[in-house]
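In listed order, ligands and their atoms are each counted from 1. Bear in mind the structure is a predicted one, so any value in this text is a computation, not a measurement.
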Amino acid sequence: MRIGVLALQGAFREHIDQLARLSVDAVEVRLPKHLAGVDALVIPGGESTTIRKLMTDYKLIGPIGSAIKGGLPVLGTCAGMIVCAKRVDGEEVPGIGGLDVELRRNAFGRQVDSFEADVDVPILGTQPFHGVFIRAPVVESVQPEVKILAQLKDGRIVAVRQGAVVGIAFHPELTDDDRFHRYFLKLVKEAHPVTSAAW
Ligand code: GLN
């Protein structure tokens with residue numbers, strides 16, 4: 001199994017390290033040709049406007065968008081989730097798609113309002129996940145085909161899945177807890193039952 005990690009800007013190194021700890025072959029994706037042979041794509045946190053601009057400059061929007069339509073599993077964390085969302089801050093955003101959700105960026109405030117909180121994520125078991133929220137978005141509404149994976153105590157949605165596309169408002173790659181990455185790898189394995197048989 002080979003996982004591409006979009007390495008244009010943001011916390012891509014941390015995802016690569018987390019995947020390496022799980023003995024997964026992770027490769028940096030900067031150009032369309034780097035998508036060849038990857039079984040899935042991780043889009044890291046960072047600054048979504050910058051990531052989207054660089055994806056446009058490097059002509060990645062089209063190839064990633066059609067790969068997602070074809071079933072490419074994607075894990076988007078924070079800014080990575082934002083670039084997969086169809087609507088952001090009340091506007092339709094042309095982009096790679098993947099998540100039929102409406103998001104609000106910087107929903108908790110600015111950098112100084114970053115925080116950590118234990119989040120219940122039922123699909124990962126009963127032990128809460130320690131969420132690191134850095135200028136994090138929230139999901140304000142979801143279309144019926146989107147599954148909600150996690151909500152804060154006040155009901156705000158902070159993790160979703162649509163098919164094999166997973167979006168998380170916080171940063172599992174900044175913790176030692178690898179349950180979200182393992183959950184994603186399971187989805188990748190299901191999506192590619194033949195190529196990942198040896199994994
Ligand atoms: N606030 C950032 C954005 O809107 C996301 C922050 C993050 O990825 N940690 O792009």
Side-chain angles (χ1 to χ4, degrees), residues 3-19 26 28-30 40-58 60-61 64-65 68 73-119 121 129-142 146 148-152 154 156-162 165-181 183-184:
I3 309 282
V5 179
L6 191 68
L8 300 174
Q9 189 265 339
F12 55 88
R13 173 50 51 199
E14 289 79 355
H15 276 290
I16 292 172
D17 292 348
Q18 181 87 271
L19 290 166
E28 295 184 5
V29 171
R30 298 174 196 276
L41 184 67
V42 174
I43 306 182
E47 181 56 40
S48 58
T49 50
T50 307
I51 294 176
R52 193 177 282 113
K53 181 182 182 306
L54 293 172
M55 279 199 297
T56 307
D57 291 352
Y58 291 109
L60 281 160
I61 301 267
I64 295 176
I68 292 175
V74 172
L75 171 64
T77 54
C78 205
M81 168 163 80
I82 296 170
V83 299
C84 292
K86 300 239 169 103
R87 291 182 65 83
V88 177
D89 293 338
E91 278 176 29
E92 189 117 357
V93 279
I96 57 174
L99 291 174
D100 246 319
V101 300
E102 163 114 36
L103 284 185
R104 187 148 53 89
R105 292 177 63 208
N106 304 316
F108 301 94
R110 299 152 54 107
Q111 186 78 17
V112 288
D113 302 307
S114 296
F115 65 100
E116 301 189 10
D118 285 339
V119 185
V121 189
F129 198 98
H130 191 68
V132 179
F133 292 80
I134 304 170
R135 290 177 294 114
V138 287
V139 179
E140 296 195 303
S141 64
V142 302
V146 178
I148 294 170
L149 302 184
Q151 285 171 280
L152 295 179
D154 62 10
R156 283 187 283 185
I157 302 165
V158 289
V160 292
R161 168 163 92 84
Q162 180 170 1
V165 179
V166 176
I168 307 171
F170 46 94
H171 289 270
E173 77 285 6
L174 299 184
T175 68
D176 289 337
D177 193 339
D178 58 15
R179 284 180 294 162
F180 252 120
H181 286 78
Y183 168 73
F184 179 62

How far is [atom] from its nearest protein heavy atom, and which residue and atom is that?
{"atom": "atom 7 (C) of ligand 1", "result": "Cys78 SG, 2.8 Å"}
{"atom": "atom 4 (O) of ligand 1", "result": "Arg105 NE, 2.6 Å"}
{"atom": "atom 1 (N) of ligand 1", "result": "Asn106 OD1, 2.6 Å"}
{"atom": "atom 10 (O) of ligand 1", "result": "Ser48 N, 2.5 Å"}

So, taking the atom named [atom1] in [X] and the one named [atom2] in [Y], what distance separates them when rounded to the nearest 0.5 Å?
{"X": "Thr77", "Y": "Ile43", "atom1": "OG1", "atom2": "CD1", "result": "9.0 Å"}
{"X": "Phe133", "Y": "Phe108", "atom1": "CZ", "atom2": "CZ", "result": "5.5 Å"}
{"X": "Cys78", "Y": "Glu47", "atom1": "SG", "atom2": "CD", "result": "9.5 Å"}
{"X": "Leu149", "Y": "Tyr183", "atom1": "CG", "atom2": "OH", "result": "5.0 Å"}

### Query
Which atoms of ligand 1 have any heavy atom of Arg135 under 4.0 Å away?
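Matching atoms, with element in brackets: 1 (N), 2 (C), 5 (C), 6 (C).
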
### Message
Need the ligand 1 atom indices (1-based, order shown) with element for anything under 4.0 Å from a heavy-atom of Ile82.
### Response
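Counting atoms of ligand 1 from 1, those under 4.0 Å from Ile82 are 3 (C), 4 (O), 10 (O).
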
### Task
Could you tell me whether Arg30 sits above the aromatic face of Phe12, with NZ or CZ closer than 6.0 angstrom to the six-membered ring centre and within 45 degrees of the axis?
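Positive - Arg30 is close enough to the ring of Phe12 and near enough to its axis.
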
### Query
Side-chain contact, heavy-atom cut-off 4.5 Å: Val139 with Ile148?
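Not touching, per the 4.5 Å side-chain cut-off.
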
### Task
Measure from atom 9 (N) of ligand 1 to every heavy atom in His171, Arg104, Arg110 and give the option owning the shortest one.
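It is His171 whose heavy atom sits nearest to atom 9 (N) of ligand 1.
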
### Task
Have a look at Gly46, Gly80, Ala136 and point out the one with the heavy atom closest to atom 6 (C) of ligand 1.
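Looking at heavy atoms only, the winner is Gly46.
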
### Query
Is the shortest N/O to N/O distance between Gly45 and ligand 1 below 3.5 Å?
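In this structure, Gly45 places no N or O atom under 3.5 Å from an N or O of ligand 1.
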
### Query
When Glu140 is tested against each of Arg104, Arg87, Arg105 for salt bridge (charged side-chain N to carboxylate O under 4.0 Å, His left out), which residue passes?
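When Arg104, Arg87, Arg105 are each tested with Glu140, the salt bridge (charged side-chain N to carboxylate O under 4.0 Å, His left out) holds only for Arg104.
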
